[in-house]
Structures are given as structure tokens and as C-alpha cells.
**Student:** 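Have a look at the structure that comes next, please.
Atom set for the values below is all heavy atoms of this structure, side chains included, hydrogens, waters and symmetry mates excluded. Numbered from 1 within each chain, the chains take letters A, B, ... in sequence-line order.
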There are 2 protein chains.
Amino acid sequence: MLMHLTPTSLPRPHSLSELGLAADFDPLIGLSEFTYRRGSEIYGEKEPAEYIYQVKSGTVRSYKLLSDGRRQINAFHVPGDVFGLTYGGNHRFTAEAVADTTLRLIKRESLTAAAENDGTLTRDLLRMTTTNLRHAEDHMLLLGRKTSMERVAAFLIEMDRRLTAAGILALPMPRRDIADYLGLTIETVSRSLSYLRELGVIRFIDNNQRHIVLVDKQQLAVFDRQN
Amino acid sequence: MLMHLTPTSLPRPHSLSELGLAADFDPLIGLSEFTYRRGSEIYGEKEPAEYIYQVKSGTVRSYKLLSDGRRQINAFHVPGDVFGLTYGGNHRFTAEAVADTTLRLIKRESLTAAAENDGTLTRDLLRMTTTNLRHAEDHMLLLGRKTSMERVAAFLIEMDRRLTAAGILALPMPRRDIADYLGLTIETVSRSLSYLRELGVIRFIDNNQRHIVLVDKQQLAVFDRQN
DNA sequence: CGGTAACTTGAATATTTTCAACGTGTGTGG
DNA sequence: CCACACACGTTGAAAATATTCAAGTTACCG
């Protein structure tokens, strides 16, 4: 039987109980919480994957580097998201805390072992991997074919959908991260945001006019006429 | 039985059940074969996914469109590749034959049904999905952060790896497809190829100096110092 | 044989990046 | 508690890169 996928494009809240683990693991061994300070590394690219993670609070960036330092951020992980799945034995990205972040850790070993004789669990892994894939597919379209304005608008729409609480969108990541997620420079991101602000499509309401933003979703959608 | 389809003649296969869907099939060994003429559509974006496919011969392009016609080709599928996996019920891309192409079709329904009580099969789906994901991840880095020269070099390296036979690389797709795969224009692709040719890194050996190419992998790698 | 599709090349243009300067919060150490 | 360094962001101007527009070539197909 087919499971129904949510219309979201990034790992949406997948509770660990959905992984079929909640009932039968030892919380002292299988599951633990850990807090990472802003900027600290959670795991490195090509490192053996020991755990998978779920964001309890905070935000995580996941990225690849080129040898000369160019960086492509693949995804931001916000509360509820599961990340660090690899299937193969090694991580394909570096993951870092964007802000102070608390994660739940699950020993990967116990997970793959359990998946051996639990088809439901394997299907959950498949579903989560598919969710990641769908996000990557959409992001390829953005990176390959959208203009800077469209990218920034799409970013705001995505973040609004994923982490707006009480009508308020608080962007946890600096411009540098937004730029590296969108395949742009910080200056281009800044100019695009300024332009949207001038047009009244967005409005910053925090002290330094940077992080807390009110967005007009409908007007924003005009700047990223999806597809 | 092999049928030959044109874009205007018979629609895509509707009644594969007629072709004898056995209870005991191996998903990777095809049930039925179908031939698509160059340029014809295999399935459309958002269409319900009825089959998954394996390329027997030919090449397939998989892409998304923006409303104004901008196109991002996500992947090329060459002989041996399996494509059209969706997990969810609908295709997320349009797939077309780049050249005349023969595919093996597997009814998706029977596959997911079989996966219900076959953990090995589900793990195979997970593995294939992970392979797609890894490719998408690498392609995001290319689209977001690489220069046009690096993209073209990376493309040639990828194609050399995937479809070189007897030291000869025959590119089945036109420049337009290469451009839409790499997030560039045809002119930029053409100029990059010309430059590599001038430098002696590649050499076209077919009559019209376009499709059959000898590549110096080592020199090429210099232009896409991977990561 | 003529029309067309595909490709290449050149020149002008557009977009984004780079370089540079400057502002503003924040947090730390004196 | 203040001063000051620093990280972060914005804006302007110059430069680089890729795109767009245009013209011309070649192979292929009917």
C-alpha cells in the first residue's frame, strides 16, 4: 500500500515514533539529545555515519565545499526535520549548527539493524529519502534556471512555509548562508531583499532590520511564479 | 512485441496488462519492451506513475519546466539505468526519448505490492532512490557554484564514465539538452566545447564534428577540480 | 535541390559578481 | 560601564561572466 506524501519539499516533522523505534529502544543507548553551539560541526563530509538526527530546536545547514572554498548549501534543517540519512556508510555533506541547536540522535547501527527485519522501517527510510530527493529536484530547477529575484522569493516562501510561527518569520541564518543556498553572493541576496522591501512585499520588524520579517505570500509568489 | 511510437500516432502504452503481467517477475528483468521515437514523451510531469522503466537502448532526458518555457534537465538516463521511480503516486518530471529508445517497463502497482512483503525489494528501491539523490546532490553543487567551463568539463567526465564504449564517447543529446542540464545556454556550451577543443583536451572525430568525441580525462579533470 | 535543424562564432547587452566603502548592532575586555 | 573591535549587512561602482541577438556554416532529409 502506498503512503500519502505531504506536499512539503523538505523533511517535515517525522517523529521518531514514525520510524518505529519509540517503543523498543533503550533511550540511554539508542537515543540521546545533544546541544551544539552556533557554528559548530555536527558531522563532516565523508565521515562515517554513526547517527541520524532530528532537530529539536535550532537550525542546521548541510553543505558541500569545492577545494577553493566555494560552498553549496544543500538544505536547512529546522525543528522536526530528520537529517543525516545516508544509506551508504558515509556522510555526503558537512552539517553545522546555524544557531544554537539541540538534536536528538539515533544510533544508525541500531536503525539499520532494525530495518533488516522491519519492512515498515525500511519504507519509512525510503519515504524520507524520497522527500529529500524531491527537495533536491526542486532546488536544481531553482539553481539552474531561476533569476536572483526568483531565488530569493522562493527562499522566503520556503522558509515562511517551514518555520513561520504566529505569522512571524524569523530567519535564523546569515546572508552568507542564504547566498550559498541560492547559488548567489551575499550582495545579490541583500540587493534582492532590499528591492522586495522597497516594493513593500516584505518588511523587517526587528531592531537591526535583518532577521524578523513579515512577508506578503501572495505578492512574493509573483516574483517566483513557481512553475 | 515491439511497437514503434511517434509523438503523434498512438499515445503512450495504456494497456500493458495485455502484455502478460506475470506473478513471478524480477523487476530488473523487464516484463515488456517498448520503443520510443526520438523526441517522444514517455511520461509527463504530474502524471500518475503507472510504470517504472529501465533503458535497454537509447537515452532519455528527464526535466522540469517553468511556465515561461525555461527548462531544467535533471538527468539523462542511459542503457542500464532505471528511472521513473516516484514513491508517491505522480511523476515529478517529464521524460522524453533523446534518441530512439527502447525501454523495459514494469508495472509500478505490482512492484509496490510486491515490496509490501519483500524487504529486499524495498531496500532495492531505497538504494536506487539514494543513487538518484546522490546524483542530485552533486548536481546542485554544479549548478549553484561551478563556472561554465567547470560544468561542461564535469558533464563530459560524467558522460565519459557512463557511456563510453571502446574508448569512444558518443554524445546522444543535442547542445540544447546539454545546456538545459548544465543551467547554461547553447552558445555558452558551444564556446566551452570549442575552447576545450582548441586546447586539445577533447577532439571530435565524427563527420560533423559534434557528437563523437575523444576526451583526455586527466586534462579534463583539471577544468573541473571536483571538490 | 532546397529547406531545416543543429551548431558555431561574433558583438552587444544583461545579470551577477567583485571590490570597496560604510553603517550598525553586539559582545568583550579594560 | 564604556570603548572598541568585529561580524554582519547594505549600497555603489567597476568588472567579469554568461546571455541575447545576429549571422553564417554544415549536414541531413524529404
**Student:** Would you please name every residue forming a side chain to side chain contact (heavy atoms under 4.5 Å, CB included) with Ile186(A), sequence neighbours left out?
**Tutor:**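 For Ile186(A), the residues satisfying side chain to side chain contact (heavy atoms under 4.5 Å, CB included) (neighbours in sequence not counted) are Arg175(A), Arg176(A), Ala179(A).
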
**Student:** Without decimals, in angstroms, what is the distance between Ile202(A) CD1 and dG9(D) P?
**Tutor:**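 Nearest whole value for this atom pair: 13 Å.
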
**Student:** Got a sec, which residues hit side chain to side chain contact (heavy atoms under 4.5 Å, CB included) with Thr188(A), two or more places apart in sequence or on another chain?
**Tutor:**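 Partners of Thr188(A) under the side chain to side chain contact (heavy atoms under 4.5 Å, CB included) test: Ser148(A), Leu184(A), Thr185(A), Ser192(A).
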
**Student:** Nearest whole angstrom, please: distance from the C1' of dA7(D) to the CZ of Arg175(A).
**Tutor:**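 Spelled out: CZ on Arg175(A) to C1' on dA7(D) is 13 Å.
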
**Student:** Run the side chain to side chain donor-acceptor pair (under 3.5 Å) test against Asp177(A) and tell me which residues pass, sequence neighbours left out.
**Tutor:**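 Applying side chain to side chain donor-acceptor pair (under 3.5 Å) to Asp177(A) gives Arg61(A), Arg71(A).
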
**Student:** By side chain to side chain contact (heavy atoms under 4.5 Å, CB included), which residues pair with Asp68(A), not counting sequence neighbours?
**Tutor:**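 Listed in chain order: Leu66(A), Arg70(A), Arg225(B).
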
**Student:** Between atom CD1 in Ile178(A) and atom P in dC8(D), what is the gap in whole Å?
**Tutor:**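 Rounding to the nearest Å, CD1 of Ile178(A) and P of dC8(D) are 13 Å apart.
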
**Student:** Through what angle, rounded to 10 degrees, does the axis of the helix from dC1(C)-dG30(D) to dG30(C)-dC1(D) turn between its ends, using five pairs per end?
**Tutor:**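 Taking five pairs per end, the axes differ by 30°.
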
**Student:** To the nearest Å, give me how far apart CD1 (Ile212(A)) and P (dG9(D)) are.
**Tutor:**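 Interatomic distance, CD1 of Ile212(A) to P of dG9(D): 13 Å.
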
**Student:** Output all residues satisfying side chain to side chain donor-acceptor pair (under 3.5 Å) with Glu33(A), sequence neighbours left out; order by chain, then residue number.
**Tutor:**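 Glu33(A) satisfies side chain to side chain donor-acceptor pair (under 3.5 Å) with Lys56(A) once adjacent residues are dropped.
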
**Student:** Return the value, rounded to whole Å, for the distance between atom OH of Tyr195(A) and atom P of dG12(D).
**Tutor:**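 It works out to 15 Å between those atoms.
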
**Student:** Which part of the nucleic acid, if any, lies within contact of Arg70(A), taking any heavy atom under 4.0 Å across all strands shown: a base, the sugar-phosphate backbone alone, or nothing?
**Tutor:**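 If one applies the 4.0 Å heavy-atom cut-off, Arg70(A) turns out to touch nothing in the nucleic acid.
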
**Student:** Without hydrogens or angle criteria, can the side chains of Tyr43(B) and Glu50(B) be said to hold a donor-acceptor pair below 3.5 Å?
**Tutor:**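 Absent: no donor and acceptor within the cut-off.
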
**Student:** Tell me which pairs pass side-chain hydrogen bond (donor to acceptor under 3.5 Å, both in side chains) where either residue lies in residues 201-214 of chain B, with sequence neighbours left out.
**Tutor:**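 Non-adjacent pairs meeting side-chain hydrogen bond (donor to acceptor under 3.5 Å, both in side chains): zero.
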
**Student:** Which two nucleotides bound the region of DNA chain C that has atoms under 4.0 Å from heavy atoms of chain B, read 5' to 3'?
**Tutor:**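 Using the under 4.0 Å cut-off, the span is dA6(C) to dA11(C).
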
**Student:** Identify, with sequence neighbours excluded, every residue that meets side chain to side chain donor-acceptor pair (under 3.5 Å) alongside Ser57(B).
**Tutor:**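 With sequence neighbours excluded, Ser57(B) shows a side chain to side chain donor-acceptor pair (under 3.5 Å) to no residue whatsoever.
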
**Student:** Atom CD of Gln209(A) and atom C1' of dT11(D): how far apart are they, to the nearest Å?
**Tutor:**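 Value for this atom pair: 16 Å.
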
**Student:** Let me have a per-nucleotide readout for nucleotides 15-30 of chain D, 5' to 3', with B, S or -, counting only protein heavy atoms under 4.0 Å.
**Tutor:** ---SBBB-----S---

**Student:** Kindly determine whether Leu85(A) and Thr130(B) satisfy side chain to side chain contact (heavy atoms under 4.5 Å, CB included), including the steps that lead there.
**Tutor:** CA-CA 10 Å; Leu85(A) 292 171; Thr130(B) 299; over 6 Å; no

**Student:** Who pairs with Lys64(A) by salt bridge (charged side-chain N to carboxylate O under 4.0 Å, His left out), at least two apart in sequence or on another chain?
**Tutor:**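 Partners of Lys64(A) under the salt bridge (charged side-chain N to carboxylate O under 4.0 Å, His left out) test: Glu45(A), Asp138(B).
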
**Student:** State which residues pass side chain to side chain contact (heavy atoms under 4.5 Å, CB included) with Thr35(A); sequence neighbours excluded, sorted by chain then number.
**Tutor:**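 By the side chain to side chain contact (heavy atoms under 4.5 Å, CB included) rule, Thr35(A) matches Thr102(A).
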
